[in-house]
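So the structure is just underneath, and the comments pick up after that.
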Amino acid sequence: LGGSCANLLLSHSQITRLYSRFTSLDKGENGTLSREDFQRIPELAINPLGDRIINAFFPEGEDQVNFRGFMRTLAHFRPIEDNEKSKNPTASEPLNSRTNKLLFAFRLYDLDRDDKISRDELLQVLRMMVGVNISDEQLGSIADRTIQEADTNGDNSISFNEFIKASFVLTLHTLL
Amino acid sequence: MAWFTFPADNLLCRCLGISITVWFTLLFVFIIMPAVLGVSFGIRSFYMRTLLKIFEWATLRMELGAKEKNQELYKPYTNGIIAKEPPSSLQQEIQELRGSANSLRSEPEFEMADIFYFCRRGVESIVDDEVTKRFSAQELKSWNLLTRSNYNFRHISLRLTVLWGLGILIRYGVLLPLRLRSYLSEKVHLMCYRICVRALTAIITYHNRENKPKNGGICVANHTTPIDVIILANDGCYSLVGQVHGGLMGMVQRAMVKSSSHIWFERSEVKDRHLVAKRLGDHVADKTKQPILVFPEGTCINNTSVMMFKKGSFEIGCTVYPVAIKYDPRFGDAFWNSSKFGMVSYLLRMMSSWAIVCSVWYLPPMNREEGEDAVQFANRVKAAIAAQGGLVDLIWDGGLKRAKVKDVFKEEQQKLYSKVLVGDSEDQMEDKRSEDGTPEGDESSKDPAEGQ
């Protein structure tokens, strides 16, 4: 585990903390987490996008995630520290840079992994976030308008670059 | 037949005989007599102070050891995985996310980046959430020489290991047999409890005894372990309410009914709230009967927080005497994780810890006020108990230990977000009233205790 730790830039105590969290979630005690294990967290279960977020932990087509995968996904969200950037400028982009966080969010939309958010995919996520409180037509028009504003190359879907530009305001905030 | 005995044998027998006699005398003098008379020798406080000094020393050694290896000691409360934002309302956070420029637009607005709000909250709750950690033992800052409460146990130094070994010897060799002997004795009510208390080396500090519950009232307390009962009963007589259990607990329950009036329910009856309420009401109305002891959380919580109180006991309309119980986790973790340990293994753990140290605060009696419904009353009592005991006041239901959270709460979140998208001026007033700060605030207005 030592080698990959250096890549993920998590400190020893952070890893210990995550491991302790991993084992407390792992009710079956078999060293992997299933989707049900995540669902047991009440705050996650009431999150409208909970299922998609849980999905992000599981590699393609698999039902179990081990600790390495768990750590890898969570490492995206570690706060960026300035002293790290100057330490090794030639190293490949650290996992928790802003781009990677944006990619994480992009993949929440882009279910079929074709690197484009289609109108349908956008609608699906919108529907998850609002539940039954907004009509189909209104939701449809919101989706249409969003694509119109973000789509610059006219292919009626949003690519990753277009997504980054649309979230431009976000990259200025330290919330990321 | 000639019995061929060594002189040494004789000596051995005699020594054994003497030591057993001495032991029993000590037992009698130091444990049973004071229990009967209700007198304390002050030995236990001395024991406690010594233990504390030893623990501090042990932790210091561990920290030094870790520093030598150039690693940080695992402290359970380090943050730094995610810079967790203080909870603010959904609307506020999304506004911040979008930047203030957009708030001037009046049509329904959606930003692709809104997803980040949910993303962030979701991942934060995966790394750490407020609820699931209440159902497992609390993590300690310093080590109390019990392997069971330490994640960091390593061969740090010879001295520490020797101390730990000694600790095991004492705990299993001396304290445990002593306690077993004491535990299996008499059934006389108060004396029995006092013996139990001494058997567990429980050092209990009672505060504000003038507020002790009186007849015809209900005593409510936060629940950590079945030992709560022993601790409270040590200082007064109560009638207990609870489900009929099988096995060891069932035997104990039946034995108790013989000495005073307790209210035990069949599991099927628990579902019928009116029947429960009626029986409680009858008991309370009879002023000669002892106060009822109720644990409204419904399940054991790990003593770092107080979870949602079920409103049943608060509907009866009599005086409520709140009691806060706080265990000192340094001497032994009293929390009973019923999904992990059975009763017997739990008792064994209890008896082989160092001691059980706790504080009990009797709070001034409360009554339901005009215009307050049962849920609000329950929350008010809960807040008072949490404040006194230094515990976190949570709105979440203790039943989440075993059951899944209801979909209705997800729908709340969805509703809130839709308001952000579509909200216009006539919804603004409603927003201000219904949104209570954090999304969890909305749940208190629903009935999370429904069906319980």
Side-chain angles (χ1 to χ4, degrees), chain A residues 10-14 16-18 20-21 24-25 38-50 52-54 57 70 73-74 76-79 101 104-105 108-109 117 122 125-126 128-134 138 141-143 145-146 150 158 163 166-167 169-170 172-176, chain B residues 71-76 78-83 85 93 96-99 101-102 108-116 118-133 136 139 151-152 396-397 400 404-407 409-415 417-419 421-422 439-440:
Chain A
L10 288 174
S11 74
H12 181 82
S13 67
Q14 282 175 333
T16 319
R17 183 101 190 80
L18 278 182
S20 145
R21 177 68 172 165
S24 72
L25 290 175
F38 283 98
Q39 298 271 354
R40 234 177 263 116
I41 304 174
E43 288 165 13
L44 187 63
I46 66 170
N47 190 318
L49 293 179
R52 291 279 171 107
I53 296 175
I54 294 175
F57 283 83
F70 182 72
T73 318
L74 285 181
H76 285 299
F77 288 84
R78 191 175 67 91
K101 284 184 176 125
F104 184 86
L108 289 187
Y109 283 106
I117 303 179
L122 184 59
V125 172
L126 273 172
M128 285 175 85
M129 290 202 279
V130 306
V132 300
N133 299 292
I134 298 186
Q138 214 172 5
S141 66
I142 291 178
R145 191 169 356 146
T146 312
I158 305 178
F163 180 70
S167 324
V169 149
L170 197 61
L172 300 178
H173 286 239
T174 51
L175 271 180
L176 259 189
Chain B
Q71 287 166 351
E72 257 185 62
L73 198 65
Y74 165 63
K75 290 230 163 72
T78 39
N79 53 9
I81 310 272
I82 290 192
E85 300 287 317
E93 287 218 26
E96 270 181 47
L97 215 57
R98 292 175 179 182
N102 290 337
E109 46 182 276
F110 167 70
E111 294 284 340
M112 299 223 57
D114 284 350
I115 195 180
F116 276 99
F118 292 110
C119 215
R120 183 178 197 78
R121 293 292 289 255
V123 177
E124 273 174 7
S125 64
I126 290 179
V127 172
D128 191 19
D129 76 304
E130 280 302 310
V131 184
T132 55
K133 68 183 180 193
S136 60
E139 296 169 6
Y151 293 101
N152 232 354
W396 295 96
D397 182 355
L400 289 173
K404 287 220 171 130
V405 76
K406 296 205 177 104
D407 281 332
F409 300 126
K410 191 195 266 204
E411 286 155 24
E412 275 291 314
Q413 292 273 302
Q414 288 170 329
K415 214 190 279 187
Y417 181 66
S418 330
K419 286 218 174 78
L421 283 199
V422 185
E440 275 99 50

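A, B, ... follow the sequence lines: proteins, then strands. Residue 1 opens every chain.
- You'll find the side chain of B/Ser125 stays beyond 4.5 Å of the side chain of A/Asn47, heavy atoms only.
- Of the atoms belonging to A/Arg21, it is side-chain heavy atoms, and not backbone ones, that fall under 4.5 Å from chain B.
- Ranking A/Ile117, A/Leu126, A/Leu108, A/Thr73 against chain B, the residue ahead of the rest is A/Leu126, based on heavy-atom pairs under 4.5 Å.
- The candidate with the highest count of non-hydrogen atom pairs below 4.5 Å against chain B, out of A/Ala143, A/Ala105, A/Gly50, is A/Ala105.
- Using a 4.5 Å cut-off between heavy atoms, A/Ile54 makes no contact with chain B at all.
- To the nearest 0.5 Å, atom CZ of residue B/Arg121 and atom CG of residue A/Leu49 are 12.5 Å apart.
- Side chains of B/Tyr417 and A/Pro48 form no contact here, defined as non-hydrogen atoms less than 4.5 Å apart.
- With a 4.5 angstrom heavy-atom cutoff, A/Ile53 touches chain B only via side-chain atoms.
- In this structure, the side chains of B/Ile126 and A/Phe70 come closer than 4.5 Å at one or more pairs of heavy atoms.
- The part of A/Thr146 that comes within reach of chain B is its side chain, from C-beta onward, which places non-hydrogen atoms under 4.5 angstrom from that chain.
- Side-chain contact check for A/Arg17 versus B/Asp128: some heavy-atom pair is nearer than 4.5 Å.
- Of the atoms belonging to A/Ile134, it is side-chain heavy atoms, and not backbone ones, that fall under 4.5 Å from chain B.
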